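Lettering follows sequence order; numbering is per chain, from 1. Computed from a predicted structure; not experimentally measured.
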Protein chains: 2
Amino acid sequence: MEEKMKLLQEQEELCTEHPHHSGLILEEMQEKMPSSVELERTAELFKVLGDPTRMQILTALFTQELCVCDISDLLGMSQSAISHQLRLLRNSRLVKNRREGKSIYYSLDDTHVATIIAQGLEHIRHGNL
Amino acid sequence: MEEKMKLLQEQEELCTEHPHHSGLILEEMQEKMPSSVELERTAELFKVLGDPTRMQILTALFTQELCVCDISDLLGMSQSAISHQLRLLRNSRLVKNRREGKSIYYSLDDTHVATIIAQGLEHIRHGNL
DNA sequence: GGAACATATGAGCAATCGTTCATATGAAAA
DNA sequence: TTTTCATATGAACGATTGCTCATATGTTCC
């Protein structure tokens with residue numbers, strides 16, 4: 001534990017001897033960067049988008065409102081699997097739902113999401129990854 | 001195995017009895033959706049963005065080029081951990097590197113990435129998640 | 001050449017994830 | 001009220017993830 005701290009300290013001293021590596025610059029950078037809370041939440045958002053099943057669900061909802069069994073049919077996956085994923089999407093406020101009789105209909109909750117996904121798709125289509 | 005297929009089949013038949021649930025519509029939707037390959041790659045991209053450490057690295061590089069030990073110092077994490085994450089970012093073509101003496105300097109490889117991250121941050125800042 | 005430094009990489013391990021299976025909830029139909 | 005259909009949820013399991021530790025690679029300075 002203490003050894004680890006000491007090692008890090010040594011490493012920092014060594015590294016700050018580089019011409020452009022003063023402690024001040026590092027501190028400045030930390031200030032310029034988005035707050036760690038914001039970064040964590042953004043990472044959380046991307047993590048939710050970072051699964052093929054959830055991406056399929058979202059792009060399906062991009063077109064129109066769908067109930068759980070629709071999505072289940074469309075993706076050829078079990079109702080339970082879809083339901084679990086929808087809960088994650090709901091918790092991240094990416095989708096909302098409405099009840100109609102026995103069925104529950106899901107739709108996109110936010111316009112930004114479609115934009116972000118479109119941007120991701122474009123990035124992919126332009127040769128990267 | 002066969003039972004599972006049968007169950008899915010039954011479920012599909014039941015669900016397609018809803019007024020708007022014809023097999024045709026499902027097929028149309030599948031055609032409209034981005035190809036599953038594209039979706040998988042996009043999910044892969046978001047998965048890489050979906051980790052706080054990697055997000056911190058990328059936002060740090062947003063400002064300027066940095067060598068590994070800079071990033072290591074800035075985030076207060078081990079050189080090895082950073083190096084492993086940089087490999088992922090490299091494989092996804094999100095960062096590129098250049099050697100200068102003993103050090104290796106990393107920078108953003110793509111302009112889209114900054115846009116996507118900015119959009120994610122905006123989504124977060126506007127109350128969601 | 002060898003020592004010192006900067007980075008990369010492989011194995012290993014705890015933690016997290018995405019699914020399945022069984023079951024619970026809740027609304028409609030009989 | 002009982003049955004049936006649509007969805008939700010908890011436990012459990014294998015797969016993946018992100019780190020650490022030890023070590024390898026590659027560069028510079030002596």
Side-chain angles (χ1 to χ4, degrees), chain A residues 1 3-5 7-8 10-19 21 40 43-44 46-57 66-73 75-92 95-106, chain B residues 1 3-5 7-8 10-19 21 40 43-44 46-57 66-73 75-92 95-106:
Chain A
M1 215 48 143
E3 290 182 84
K4 197 169 81 179
M5 292 301 280
L7 256 167
L8 272 170
E10 277 174 26
Q11 205 174 19
E12 188 169 18
E13 278 166 9
L14 287 169
C15 202
T16 49
E17 286 176 8
H18 290 187
H21 298 176
E40 254 171 59
E44 192 66 33
F46 287 133
K47 189 189 264 177
V48 175
L49 297 177
D51 173 77
T53 302
R54 291 191 289 270
M55 279 289 292
Q56 280 187 285
I57 294 176
L66 291 170
C67 71
V68 180
C69 77
D70 283 337
I71 302 171
S72 180
D73 290 353
L75 308 195
M77 294 181 61
S78 78
Q79 174 268 319
S80 179
I82 299 299
S83 206
H84 279 294
Q85 299 292 23
L86 283 171
R87 181 158 54 137
L88 284 183
L89 293 170
R90 232 186 305 130
N91 289 343
S92 301
V95 302
K96 62 189 174 200
N97 58 4
R98 129 190 116 73
R99 165 151 248 149
E100 184 178 312
K102 282 178 281 186
S103 300
I104 294 185
Y105 286 84
Y106 280 83
Chain B
M1 214 50 141
E3 290 181 83
K4 198 169 83 178
M5 293 301 280
L7 256 167
L8 272 169
E10 277 173 25
Q11 205 175 18
E12 187 170 18
E13 277 166 9
L14 287 169
C15 203
T16 50
E17 287 177 6
H18 290 186
H21 299 175
E40 252 170 61
E44 193 66 33
F46 287 134
K47 189 189 264 178
V48 175
L49 298 177
D51 173 78
T53 301
R54 290 189 292 269
M55 279 289 293
Q56 280 186 286
I57 294 176
L66 290 171
C67 71
V68 180
C69 77
D70 283 337
I71 302 171
S72 180
D73 290 353
L75 308 196
M77 294 182 60
S78 78
Q79 175 268 319
S80 178
I82 299 300
S83 205
H84 278 295
Q85 299 293 23
L86 283 172
R87 180 158 55 136
L88 285 183
L89 294 170
R90 233 185 306 130
N91 289 343
S92 301
V95 303
K96 62 188 175 203
N97 58 5
R98 128 189 118 75
R99 164 152 248 149
E100 184 177 312
K102 282 179 280 185
S103 300
I104 294 185
Y105 286 84
Y106 280 83

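Phosphate proximity of D:dT7 to A:Ser83: absent, as no side-chain N or O sits under 4.0 Å from OP1 or OP2. Dashed line: the shortest gap from a side-chain N or O of A:Thr53 to OP1 or OP2 of C:dT19 is under 4.0 Å.
Between the A:Arg99 side chain and the A:Gly101 main chain, a donor and an acceptor come within less than 3.5 Å of each other.
Between B:Lys47 atom NZ and D:dT16 atom P the separation is 9 Å, expressed in whole Å. Between the P atom of D:dT9 and the CG atom of A:Leu89 lies a distance of 14 Å, rounded to the nearest Å. Protein atom CZ of A:Arg54 is 12 Å distant from nucleotide atom C1' of C:dT16, rounded to whole Å. In this structure, B:Arg87 places its CZ atom 13 Å from C1' of D:dA24, rounding to the nearest Å. Atom CZ of A:Arg98 and atom P of C:dG26 are 20 Å apart (whole Å). Counting to the nearest Å, the P atom of D:dT20 and the CG atom of B:Leu75 are 12 Å from each other. The distance between atom OH of B:Tyr106 and atom C1' of C:dA8, rounded to the nearest whole Å, is 8 Å. Atom P of nucleotide C:dT25 and atom CD1 of A:Ile104 are separated by 15 Å, given to the nearest angstrom.
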Chi angles and distances behind the side-chain contact (heavy atoms from CB on, under 4.5 Å) call for A:Tyr106, A:Leu66: CA-CA 5 Å; A:Tyr106 280 83; A:Leu66 291 170; 5.9 Å; no
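Counting distance only, with no hydrogens placed and no angle test, the side-chain atoms of A:His84 and the base atoms of D:dT7 include no donor-acceptor pair under 3.5 Å. One N or O donor and one acceptor, one from the side chain of B:Gln79 and one from the base of C:dA8, sit under 3.5 Å apart. Between the side chain of A:Ser80 and the base of D:dT9 there is at least one donor-acceptor pair of N/O atoms closer than 3.5 Å.
Nearest heavy-atom pair, A:Ile57 versus A:Gln85, reported as atom, atom and distance to 0.1 Å: CD1-CB, 3.9 Å. A:Ile82 and A:Met77 make their closest contact through CD1-CB, 4.1 Å (heavy atoms, listed as atom of the first residue, atom of the second, distance). When all heavy atoms of A:Leu89 and A:Arg54 are compared, the closest pair comes out as CD2-CD, 4.1 Å.
Evaluated for a side-chain contact (heavy atoms from CB on, under 4.5 Å) with B:Pro52, the options A:Lys47, A:Glu40, A:Glu44 yield exactly one hit, A:Glu40.
Distance from the side chain of A:Cys69 is smallest for D:dT7 among the nucleotides C:dT19, D:dA8, D:dT7. Ranking D:dT7, C:dG18, C:dT20 by closeness to the A:Cys67 side chain, first place goes to D:dT7.
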Reading 5' to 3' through nucleotides 25-30 of chain D, protein heavy-atom contacts under 4.0 Å coded B for base, S for sugar-phosphate only, - for none: -SBS--
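Contact annotation: the side chain of B:Leu88 never approaches that of B:His84 to less than 4.5 Å [non-hydrogen atoms, C-beta and beyond].
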